[in-house]
Amino acid sequence: MHELGVVFHIMDSLEKVAEENEVTGISKVVLELGEVSTVIEDYLQNCWKWAARKRALFAEAELVVEKLPAVTWCDDCEKTYPTVAHGKICPYCGSPHTWLLQGNEFNIKEIEVY
Amino acid sequence: MKDVRILEIRQSVFADNDRQAEALRAELREKGVFLLNLMSSPGAGKTTTLMRTIEALGEAFRIGVMEADIDSDVDARTIAQSGAKVIQLHTGGMCHLDAAMTRQGLEGLETGDVELAILENVGNLVCPAEFDTGASRNAMILSVPEGDDKPLKYPLMFSVCDVVLINKIDVLPYFDFDLEKCREYIRMRNPDARVIPICAKTGEGIDAWADWLRAEIRSWRGSMQ
Ligand SMILES: Nc1nc2c(ncn2[C@@H]2O[C@H](COP(=O)(O)OP(=O)(O)OP(=O)(O)O)[C@@H](O)[C@H]2O)c(=O)[nH]1
Ligand SMILES: [Mg+2]
Ligand SMILES: [Zn+2]
């Protein structure tokens, strides 16, 4: 459900961009998606295909998702570690006082237009 | 052959909504309408807490309620019994409200004379946290049966909230919910969030919640000049 709402948001934003840049069609949309973002890529692709059929501008637009790795910072030992492998607990000192540095991004990187 | 070019966008998917939310927040400030966005999992007690809130603050403020639901009007009918102004928003399958939908809701509510507008967001701990509605303050309800580890599992929700109501404390004896541990987890995610244990069913703790809300509305009004 979240993915469909998000797809509508992306398409709304890009329709504005297309208007401002006198674009007639979009052939590719490149997104950056953090590894631990709340969005699931497979769902996103499915929702994209469904929504793209209903909007002329996106009829031929391929969706490309580039993954960004998630990295967590430990407040106690001041080291960073890969989030997905270790979760919330620091693998170096066992502390739970940790923060996500990057990995929940969800950006529109670029589009290919004609 | 089509003449293809690349346009760099480099903006968050949420950037557009964030801009609309900022604009709405500024407008509401001008009009003097305090908007509270109330979020939680399904069934945590949003509607019950709202009824108690209207009871406690209905004399002090003219209250308008927006009930967001995927496809029913059960909650709106409940709220209507309190005498408060209420409007049902159907999200058409969407799992959250964005700033544009909130704006439409406020227009439908005819906020002319409303001083405190409350949005009951869709029951969900993920999506509403991503979409700024333009609210003056964000509140969430975590109910005891959901477990004390939710701040760890849904960090974003807890980090966007100004206040966390821990509801259904009447059932604490039956669950292994550790209130102090929960406070600690919330503090880790958001040191500024106020935590208020309540029982919407009996009304316990509602005074503290109403005091908090009253004080926030005052300080929001005070910072207007
Ligand atoms: N034991 C107990 N039950 C409660 C309390 N508050 C609410 N409930 C019950 O929890 C159920 C859900 O409450 P609602 O207020 O409808 O919850 P909600 O968050 O509005 O639910 P949705 O709108 O469906 O997401 C109802 O059966 C309430 O009576 C409480 O403090 N203690
Ligand atoms: Mg409800
Ligand atoms: Zn550490």
Below 4.5 Å, heavy-atom pairs only: which of Asn17(B), Leu7(B), Asp16(B), Leu156(B) has the largest tally toward chain A? Leu7(B)
So which of Ile6(B), Ile9(B), Asp98(B) has the largest heavy-atom pair count under 4.5 angstrom toward chain A? Ile9(B)
Could you look at [X] and say if it's the side chain, the backbone, both or neither that has a heavy atom under 4.5 Å from chain B?
X         : result
Glu105(A) : neither
Leu100(A) : neither
Lys16(A)  : side chain
Lys88(A)  : side chain

Side chain, backbone, both or neither of Tyr185(B) within contact of chain A (heavy atoms, under 4.5 Å): neither
Measure Val126(B) against the heavy atoms of chain A and call it side chain, backbone, both or neither at under 4.5 Å. side chain
Tell me, yes or no, whether the heavy-atom count around Glu22(A) atom CD, taken from other residues, nucleotides or ligands under 6.0 Å, exceeds 12. no
So, does Asp69(B) use its side chain to make a donor-acceptor pair with the main chain of Val74(B) at under 3.5 Å? no
Flag, side chain of Asp162(B) to backbone of Asn138(B), donor-acceptor distance under 3.5 Å: yes
Tell me whether the rings of Phe106(A) and Phe14(B) are parallel (<30°), tilted (30 to 60°) or perpendicular (>60°). perpendicular
Using 30° and 60° as the class limits, which term best fits the ring planes of His9(A) and Phe131(B): parallel, tilted or perpendicular? tilted
Under a 4.0 Å N-O cut-off, is there an ion pair linking Glu22(B) with Arg25(B)? yes
